[in-house]
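Quantities reported herein were computed from a predicted structural model and do not represent experimental measurements. In what follows, every heavy atom counts, from backbone to side chain, and hydrogens, waters and symmetry copies are set aside. Letters A, B, ... are given to chains in the order of the sequence lines, protein chains preceding strands, and every chain is numbered from 1.
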Protein chains: 2
Amino acid sequence: MSQINLNSLKSLVIFKTLYETGTATRTAKDLSITQSGVSRSLAQLEENIGMPLFIRHKKRLVAMPEADELYSEILALLGNLEEMKHSIVALREFGASRMRLAAVPGLGFAFVPKIIAAVLQINPSYNIYFDIMPSSEVVRAVESGHFDAGFVTLPVNSQTLIVDKICEVEAVSLIPLNHSLASKDIITIEDLQDQHLVIPNQPNLAADQLLMQIAQNNIRISGKTEANIAAICSLVANGVGISLINPITAYDLAALDRVVIKPFKPAFNYSFGLVYKRNWSGNQLIKLLKENLPDIPA
Amino acid sequence: MSQINLNSLKSLVIFKTLYETGTATRTAKDLSITQSGVSRSLAQLEENIGMPLFIRHKKRLVAMPEADELYSEILALLGNLEEMKHSIVALREFGASRMRLAAVPGLGFAFVPKIIAAVLQINPSYNIYFDIMPSSEVVRAVESGHFDAGFVTLPVNSQTLIVDKICEVEAVSLIPLNHSLASKDIITIEDLQDQHLVIPNQPNLAADQLLMQIAQNNIRISGKTEANIAAICSLVANGVGISLINPITAYDLAALDRVVIKPFKPAFNYSFGLVYKRNWSGNQLIKLLKENLPDIPA
DNA sequence: ACAGAATCATGACTAAATATCATCAACTAA
DNA sequence: TTAGTTGATGATATTTAGTCATGATTCTGT
């Protein structure tokens with residue numbers, strides 16, 4: 001096969017139009033070029049593919065049967081090209097359309113689902129895959145390429161990932177509605193004296209800090225229940241004890257007719273972040289995620 | 001949709017290779033261009049489609065998720081292009097691959113089928129549609145575009161068609177094996193005195209000439225049978241009379257164990273031709289038809 | 001039959017797109 | 001540190017694609 005040189009899509013478009021209109025002059029008008037350009041383009045195409053496509057008869061271009069067959073091939077190719085252009089426009093408008101998302105449980109129950117809902121509201125054609133896992137596993141999952149981005153509890157240590165802090169909140173206390181502390185405006189660490197604590201059973205920075213402070217301030221708690229974060233609100237609502245968790249999870253999960261949420265002093269900070277591989281930086285979907293963070297309860 | 005300018009397939013090939021190899025340097029080597037060319041091509045492609053495809057990180061090009069999706073699109077497009085190149089090569093080698101052929105009955109029973117067989121021997125992938133009809137209808141069928149080419153009895157009058165004479169033969173006489181004339185080497189017009197003639201019932205130049213000559217030479221025939229050319233040989237073989245037909249049909253249809261074929265004087269010439277529309281001139285298949293004419297019996 | 005309009009091809013020229021060379025800055029790995 | 005990568009970029013050359021002006025035919029309508 002002596003090499004066929006088809007770098008120029010224009011010559012194919014010109015051929016197609018010429019085949020359809022039948023004359024070079026008309027083609028030139030349609031494509032806003034000159035007749036001589038059409039004539040040259042055709043001559044060069046014929047030269048390139050090594051065979052005549054039109055016979056010149058009485059100053060007219062008459063399509064040869066070879067042109068018939070080539071025409072349908074070119075139709076398919078140019079159709080394919082148009083499809084690709086549409087895809088490109090979609091890509092440019094909406095970015096890559098598939099994203100595998102992971103989130104830490106504290107954000108996974110409502111915070112991230114809200115984000116996903118908002119993004120899909122904007123463009124329903126995105127494909128999202130979402131799972132919940134501990135922060136360290138989120139990092140591993142994104143690093144390994146099994147997920148594209150993840151919501152984590154900060155800090156994380158990863159050389160390869162980009163980490164964007166998305167919010168910083170102060171822990172709030174969660175108190176059963178009929179509890180003696182429920183009427184206070186602010187809960188302090190001293191209020192925890194002789195209380196039963198309900199805290200997350202997974203590695204949790206704020207819980208660790210809290211326990212440390214309790215020890216430092218010589219406060220004696222009556223006992224503690226460690227539970228999955230998803231169960232904490234329910235435990236509090238049923239009067240097991242009081243809890244200290246991040247306000248996002250608190251507002252997401254709390255049965256507000258059975259518990260109250262109160263500020264806590266001293267403040268324990270939670271930071272949450274979005275992590276993703278470097279090649280996702282600048283991606284439209286990442287941008288959308290960051291632009292659609294739900295309001296954080298005051 | 002701000003217009004996307006994809007005239008240059010080269011930039012797509014460069015993108016594809018870059019995506020596959022991962023580095024511009026390697027891509028340049030693979031494609032036998034320079035690294036700067038690759039860099040420029042990518043920059044220009046990104047400019048064209050209006051979004052970045054690779055992020056530049058520590059002097060490396062890292063594919064963004066948008067590039068993933070574009071890559072599969074481009075794979076499809078370039079695959080399509082390769083297919084088209086193959087088609088073009090096939091077209092160049094073998095010409096257009098479908099031909100609707102018509103032929104006059106005298107050639108349609110064996111002469112043209114032999115040609116078709118020879119051509120298909122050379123390239124079995126041709127698609128042939130073949131029918132038999134009178135010469136004038138062959139011309140009309142080709143002129144109207146229902147058929148691409150036709151074998152006709154010359155002369156034909158058509159302004160629009162190209163007519164190539166393919167052979168000229170002299171009529172021969174067809175004589176029953178046990179007939180009194182069967183032993184003569186050459187049959188002359190005088191031999192027809194008091195004979196029963198079997199002649200084609202369709203408009204036939206040679207038959208007309210023969211009847212005219214008979215009248216001019218004051219020869220009285222005992223009678224005549226006009227029949228479809230396909231039946232003439234059989235009629236002669238069964239002793240109905242003697243016939244004068246073109247040697248091609250004669251040798252194609254004659255039951256040579258029951259009839260003899262003899263030269264006839266004076267000579268009546270038959271000319272056969274191939275007709276086709278102008279846009280088929282130069283076509284490979286037309287060329288092949290003309291190159292594979294069967295031997296004409298002496 | 002003839003004038004005028006329309007067809008495509010082509011030489012000479014120009015503009016635009018592509019690629020190159022040489023070099024730089026950033027990074028990697030010995 | 002040093003030698004060897006990487007990709008980007010300014011200046012330049014080359015190749016490609018298009019224009020203009022013109023010519024040779026052919027068609028069309030009077």
Pair B/Tyr276, B/Asn283: side-chain N/O donor-acceptor within cut-off below 3.5 Å: no
Residue pair B/Thr27 / B/Thr17, side-chain donor-acceptor N/O under 3.5 Å: no
Under-4.0 Å side-chain N/O to phosphate OP1/OP2 contact, B/Arg60 with C/dC27: no
Sugar-phosphate only, base, or nothing, as touched by A/Thr23 at under 4.0 Å among non-hydrogen atoms: sugar-phosphate
Within residues 32-40 of chain B, residues whose heavy atoms come under 4.0 Å of DNA chain D: B/Gln35, B/Ser36, B/Ser39, B/Arg40
A/Leu31 CG - D/dG18 P separation (whole Å): 10 Å
Length of the line joining B/Ile14:CD1 and D/dG7:P, which is rounded to integer Å: 14 Å
Sequence-distant partners of A/Tyr126, ring pair (Phe, Tyr, Trp, His ring centres under 6.0 Å), two or more places apart: none
Phosphate contact (D/dT16 OP1 or OP2) by A/Gln44 side-chain N/O below 4.0 Å: no
Smallest separation among heavy atoms of A/Thr153 and A/Ser135, with atom names: N-OG, 3.1 Å
5′-ward residue of the pair A/Ala24/B/Ser8 relative to DNA chain C: A/Ala24
N or O in side chain of A/Thr25 less than 4.0 angstrom from C/dA6 OP1/OP2: no
Any side-chain donor near an acceptor of the partner, B/Glu73 and A/Ser87, under 3.5 Å: yes
Nucleotide C/dA9, atom P - distance to CZ of A/Phe54 in whole Å: 10 Å
Nearest-Å distance for atom pair CD/P, residues A/Glu46 and C/dA9: 8 Å
For atom CZ of A/Arg26 and atom C1' of C/dA5, their distance in whole Å: 17 Å
Heavy-atom check, side chain of B/Phe54 versus side chain of A/Asn279, under 4.5 Å: no
Derivation of the salt bridge (charged side-chain N to carboxylate O under 4.0 Å, His left out) call for A/Asp148 and A/Lys277: CA-CA 7 Å; A/Asp148 300 310; A/Lys277 279 218 179 126; over 6 Å; no
Centroid-centroid distance, B/Phe111 to B/Phe272, less than 6.0 Å: no
Sugar-phosphate, base or nothing in reach of A/Ser41, heavy atoms under 4.0 Å: nothing
Atom-pair distance (NE2 on A/His57; C1' on D/dC27), nearest Å: 13 Å
B/Leu42 CG to D/dT6 C1', straight-line distance once rounded to whole Å: 14 Å
Below 4.0 Å: OP1/OP2 of C/dA17 and any side-chain N or O of A/Lys10: no
Centroid-centroid distance, B/Phe147 to B/Tyr129, less than 6.0 Å: yes
Heavy-atom donor-acceptor pair, B/Lys59 side-chain to C/dC27 base, under 3.5 Å: no
Nearest-angstrom distance from the residue atom CG of A/Leu45 to C1' of C/dC8: 17 Å
Five-pair end axes of the helix from C/dA1-D/dT30 to C/dA30-D/dT1, angle between them (10°): 30°
Non-hydrogen side-chain atoms of B/Gln209 and B/Asn269 separated by less than 4.5 Å: no
